[in-house]
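Since the structure comes first, as structure tokens, the remarks are kept for the end.
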Amino acid sequence: MTNAPEAVFRDALTRAIESAWDLAPTEIPLTYPPNAELGDLASPVCFELARTLKRSPREIAAAIADAFRAGDGIERVEVAGAGYLNAFLDRDVFLREKLSGATAPAAPDARKIIVEHTNINPNKAAHIGHLRNAVLGDTLVRFLRRIGRDVEVQNYIDDTGVQVADLVVGFQQIRGEGLAQILERYSEEALRERGQRFDYLAWDLYAEVTQWYADDDARLTHRAACLEAMERGDNETAEIAAHVSRRMVQHHLETMDRIGARYDVLPRESDILRLDFWKHAFERLKSSSAIHLTERGKNAGCWVMDLADAEAGAGEDQKVIVRSNGTVTYVGKDIAYQMWKFGLLGKDFHYDAFDWSPRRELYSLWSTCSDGRDENPRSFGGATRVYNVIDTRQSYLQRVVQQGLRSLGHDAQADRSIHYAYEMVALTPAAVAAMFPDHPLSEEDRGRAYLEMSGRKGLGVKADDLLDTLIERARSEIAKRNPELDASEIDEMARRIAVGAVRYYMLRYTRNRVVAFDLDAALAFEGETGPYLQYSVVRARNILGKVEQAFGPESVAAGELGRDVSLAALPPGTVAEHWNLVLQFLRVDAVVAQAVETLELSTVAKHAYTLAQAFNSFYHRYRVAQEENASIRRARTAIVRLYHDGMLELLELLGIEVPTRM
RNA sequence: GGGCCUGUAGCUCAGUUGGAUAGAGCAGCGCUCUCCUAAAGCGCGGGUCGGGGGUUCGACUCCCUCCAGGCUCACCA
């Protein structure tokens, strides 16, 4: 069995350098030649060796090339340019192994990794910003699992915060509704009859509450009273908060399930408080002097953390952890939560199956709880590495949490507590004007590249609305092309296309770029889009179908083709284009590994797109099923089989399913 | 003011740890469906890589500086 071409080339070069120059290079840099004629892999290592050896790069390269021995899938090495060493792989060897599925699987690594993502405040419907978070988080999970890691997915529920309180105030004070009325008027049945849904209703009510406060500052006392009642517990207000946030989480889970994102456990902030996680962490923080009580100044009466120079803003060199009224801030709770994730707290949650009622259960899922009914067969938390998928606006707070771990002496865990930061999704002024005609836009606003969304103002595109619109458009496109299909067949295809479009849209941008949501670009099915990728697989499938129909099942079986297929059968001028498709698939593992390393997932999406472009070009240039020369047809069929299986797998990594037809 | 991010084609964006002629999509114009579905392909036009210094064999990439824009620096999260 041959390893990945990169590893093979590195090993071979190391041996050649040792025998030619009698030195052991520490690291062999690799790159890819700008075009296929120059080779499959390249190394600029001679430019570095030139410094120490005091010879010209070309001279060094020539000696290494002389000492190079072919084998292990490398056919030959050439000196090129100013001193590059370019490798030519043994094409048939790699093609056959890829088809036979003989490539080595990732070595499993049992050390647990926690990925926390989604984390939507349970007081309103999910919007496209949450969609970006979930797509990035879920895709990271898929990549990590691909490279053999054990991953636990957590979705943190902030069910005791101000945002939930505001929604409760809306029900109680504006609508004048108590728990009984809420249960009755907003039962699933009642909502369905009125054509409403709970999360959308909350979206509007939350914006309404914000305005209600703005109209009269005195009304803010309701917020404070609500928060106090929620924290005290055992009262109707707290019950409403619990009910409302649970209903909201159900909707979020359904929305995310539509795009293929699922979770293992939902840690709830209320349980962090009720189980005294915070009290525990507080004692540790106090006894290690990580925080201290201030007696004078603006933070008098608060427990604060002194910030390292790098974190200190112009006016602030302290972060309040416990307020003067004795309640803990979000950062404090998050420090306790982070400690638990690493198994450093010495306490654990209780767990219970998540209560999906009254909506339907989508999958079995655990939620934390505060009482002792433990039935979970597995343990949560206690990871060696943690990724927190949170947008870049929270970078400062994430650094404070990290510093908290550090000042408790957990430097190693702080280093492995990784803030996966990405930029927000915003709206273009044109999109705001189109979708929110009542929203006032100043001259300045119109001139901006983008405007932030605002849950408080109800300014944002709901995730489900976007998905519904995409599905509608996909449906009509499918119907146009396949008039014989009935509606039920079209549904599943449209769903896959919509998900493909939205996931690719969220993945195509590098993470530190603000996505200025553009409706036309998000709804596009042509060009650099998810459907473009899906369509290429459908085409490959159609070709395989034709070949199978004419020449039997064995003619398209990967294992059969992998036995003895050879690109040498192809007309010489056309080999490079066929081989390029194989080569791009050989690079997938390296691309995924690098994406995890840099947390730049867009490179994998981009790689898939480049592959699809190459395949579409191949599709137009060469016939497969109609090719009369049997060995040429066989070689082309092998390429199509490789593409079909490989792209299906690659898209699965991106969370994109392929429709049977398009 | 401090920290972080961004500035590349008309528009939206790629450009992997410095490396070979700076790429793609959209928009525009012109072609290609009796063919394995045209959600596609081919061609054309289009660039002071924000400005200015510096580092070196070599800079879109690294360093300094300036300009422009964004996010953030709560007893909200």
Side-chain angles (χ1 to χ4, degrees), chain A residues 27 29-35 38 42 44 47 50-51 56-57 80-84 119 121 158 161-163 269 298-304 307 309-316 319-325 327-331 333-334 391-397 399 421 423-424 426 448-450 452 474 477-478 480-482 497 508-510 512-516 518 520-521 524-529 531-532 534-536 538-547 590-591 594-595 597-598 600 602-603 606 609-610 613 616-617 619-627 640 661-662:
Chain A
E27 202 180 327
L30 287 189
T31 176
Y32 301 105
N35 64 64
L38 290 170
F47 296 103
R51 285 184 225 274
S56 82
Y84 283 93
N119 299 10
N121 260 309
D158 179 6
V162 174
Q163 298 212 24
E269 191 165 277
K298 61 185 280 248
N299 292 335
C302 299
W303 287 86
V304 301
L307 298 177
D309 297 340
E311 323 302 342
E316 296 299 326
K319 179 73 192 169
V320 171
I321 305 297
V322 177
R323 304 182 184 104
S324 53
N325 68 1
T327 58
V328 58
T329 61
Y330 159 79
V331 179
K333 286 179 275 197
D334 209 21
D391 85 56
T392 184
R393 287 173 292 190
Q394 294 208 41
S395 293
Y396 164 73
L397 290 167
R399 281 199 298 269
E423 278 287 357
M424 63 178 167
R448 291 179 194 275
Y450 52 82
E452 263 190 90
E477 290 294 320
I478 297 166
K480 200 158 67 188
R481 291 169 171 76
N482 306 278
I497 289 168
R508 62 178 291 193
Y509 297 97
T510 48
N512 45 18
R513 184 168 294 280
V514 174
V515 173
D518 179 78
D520 289 334
F525 293 156
E526 294 170 8
E528 191 185 341
T529 65
Y532 176 95
Q534 294 167 317
Y535 187 56
S536 71
V538 171
R539 283 179 145 178
R541 181 179 299 148
N542 288 344
I543 294 175
L544 294 174
K546 293 275 182 191
V547 173
V591 172
Q594 186 190 285
E597 199 67 35
T598 58
E600 194 53 85
S602 64
T603 53
K606 197 65 79 176
Y609 175 66
T610 306
Q613 276 184 312
N616 273 332
S617 168
Y619 177 92
H620 276 272
R621 208 186 301 268
Y622 307 108
R623 304 292 89 184
V624 182
Q626 295 115 322
E627 173 58 49
V640 176
R661 300 166 66 178
M662 284 180 78

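We name chains A, B, ... by the order of the sequence lines, and we start the count at 1 in each one. Both backbone and side-chain heavy atoms feed into the values below; hydrogens, waters and symmetry mates do not.
- Neither OP1 nor OP2 of B/A39 sits under 4.0 Å from any side-chain N or O of A/Arg539.
- Side chain of A/Met424, nearest nucleotide from B/C71, B/G41, B/G7: B/C71.
- If you take CD of A/Glu452 and C1' of B/G69, they are 14 Å apart, rounded to a whole angstrom.
- The shortest distance between the side-chain N/O atoms of A/Asn299 and the OP1/OP2 oxygens of B/C75 is below 4.0 Å.
- The phosphate of B/A39 (OP1 or OP2) has no side-chain N or O of A/Arg661 nearer than 4.0 angstrom.
- Residue A/Glu528 places its side chain closer to B/G25 than to any other of B/G25, B/G70, B/C13.
- Here the side chains of A/Lys319 and A/Leu397 are in contact, with some heavy-atom distance below 4.5 Å.
- Contact check, A/Tyr535 against B/A39: a side-chain N or O comes under 4.0 Å of OP1 or OP2.
- Of the candidate nucleotides B/A77, B/C13, B/G41, B/C13 has the atom nearest to the side chain of A/Lys606.
- Using a 4.5 Å cut-off on side-chain heavy atoms (C-beta onward), A/Met424 and A/Val514 make contact.
- Remark: A/Tyr619 is in phosphate contact with B/A38, judged by side-chain N or O atoms under 4.0 Å from OP1 or OP2.
- The shortest non-hydrogen separation linking A/Lys606 to A/Arg508 is NZ-O, 4.5 Å.
- Using a 4.5 Å heavy-atom threshold, the side chains of A/Gln394 and A/Tyr330 count as touching.
- With hydrogens and angles ignored, a donor-acceptor pair closer than 3.5 Å exists between the side chain of A/Ser324 and the base of B/C75.
- A/Val162 comes within 4.0 angstrom of the backbone, heavy atoms only, and of no base.
- Residue A/Ala625 is in base contact, counting any heavy-atom pair closer than 4.0 Å across all strands shown.
- Heavy atoms of A/Leu544 sit nowhere under 4.0 angstrom from any nucleic acid atom.
- At a threshold of 4.0 angstrom between heavy atoms, the contacts of A/Ala590 with the nucleic acid are absent.
- When the nucleotides B/G70, B/G25, B/A20 are ranked by their closest atom to the side chain of A/Pro33, B/A20 comes out on top.
- Base contact: A/Arg481 has a heavy atom under 4.0 Å from a base atom.
- A close approach under 4.0 Å does occur between a side-chain nitrogen or oxygen of A/Gln613 and OP1 or OP2 of B/G25.
- For A/Lys319, taking side-chain heavy atoms from C-beta onward, the closest of the listed nucleotides B/A74, B/A14, B/C35 is B/A74.
- Among B/A39, B/A77, B/G41, the nucleotide with an atom closest to any side-chain atom of A/Ile478 is B/A39.
- Distances shown here put a side-chain N or O of A/Asn512 below 4.0 Å from the OP1 or OP2 atom of B/U6.
- Using a 4.0 Å heavy-atom criterion, one finds that A/Gln534 contacts no nucleic acid atom at all.
- Judged by distance alone, with hydrogens and angles left aside, the side-chain atoms of A/Asn512 form no donor-acceptor pair with the main-chain N or O of A/Glu423 at under 3.5 Å.
- At whole-Å resolution of the value, CD1 in A/Ile321 and C1' in B/A74 are 12 Å apart.
- Within the 4.0 angstrom heavy-atom criterion, base atoms lie near A/Gln594.
- Regarding contacts with the backbone of B/G70, a side-chain N or O of A/Arg448 is found under 4.0 angstrom from either OP1 or OP2.
- Across all strands, A/Val538 comes closer than 4.0 Å to base atoms (heavy-atom distances).
- Looking at heavy atoms from C-beta onward, A/Tyr396 lies in side-chain contact with A/Leu307 at the 4.5 angstrom threshold.
- Nucleic acid contact class of A/Arg508 (heavy atoms, under 4.0 Å, all strands): none.
- In this entry the distance linking CG of A/Leu307 with P of B/C73 reads 12 Å, nearest Å.
- Residue A/Tyr532 has a polar side-chain atom (N or O) positioned under 4.0 Å from OP1 or OP2 of B/G41.
- Residues A/Gln163 and A/Asp158 form no side-chain contact, since every pair of their non-hydrogen atoms from C-beta on lies 4.5 Å or further apart.
- To the nearest angstrom, P of B/C42 lies 7 Å from CZ of A/Arg621.
- Distances were taken from every side-chain heavy atom of A/Thr510 (C-beta onward) to each of B/G3, B/C71, B/A14; the shortest belongs to B/A14.
- Distances from the side chain of A/Tyr509 to the nucleotides B/G25, B/A40, B/U12 place B/U12 closest.
- Checking the phosphate oxygens (OP1, OP2) of B/U37, a side-chain nitrogen or oxygen of A/Asn542 falls inside 4.0 Å.
- One atom, CE of A/Met662, and another, C1' of B/A39, lie 6 Å apart when rounded to the nearest Å.
- If you check every strand for non-hydrogen atoms under 4.0 Å, A/Ala426 touches nothing.
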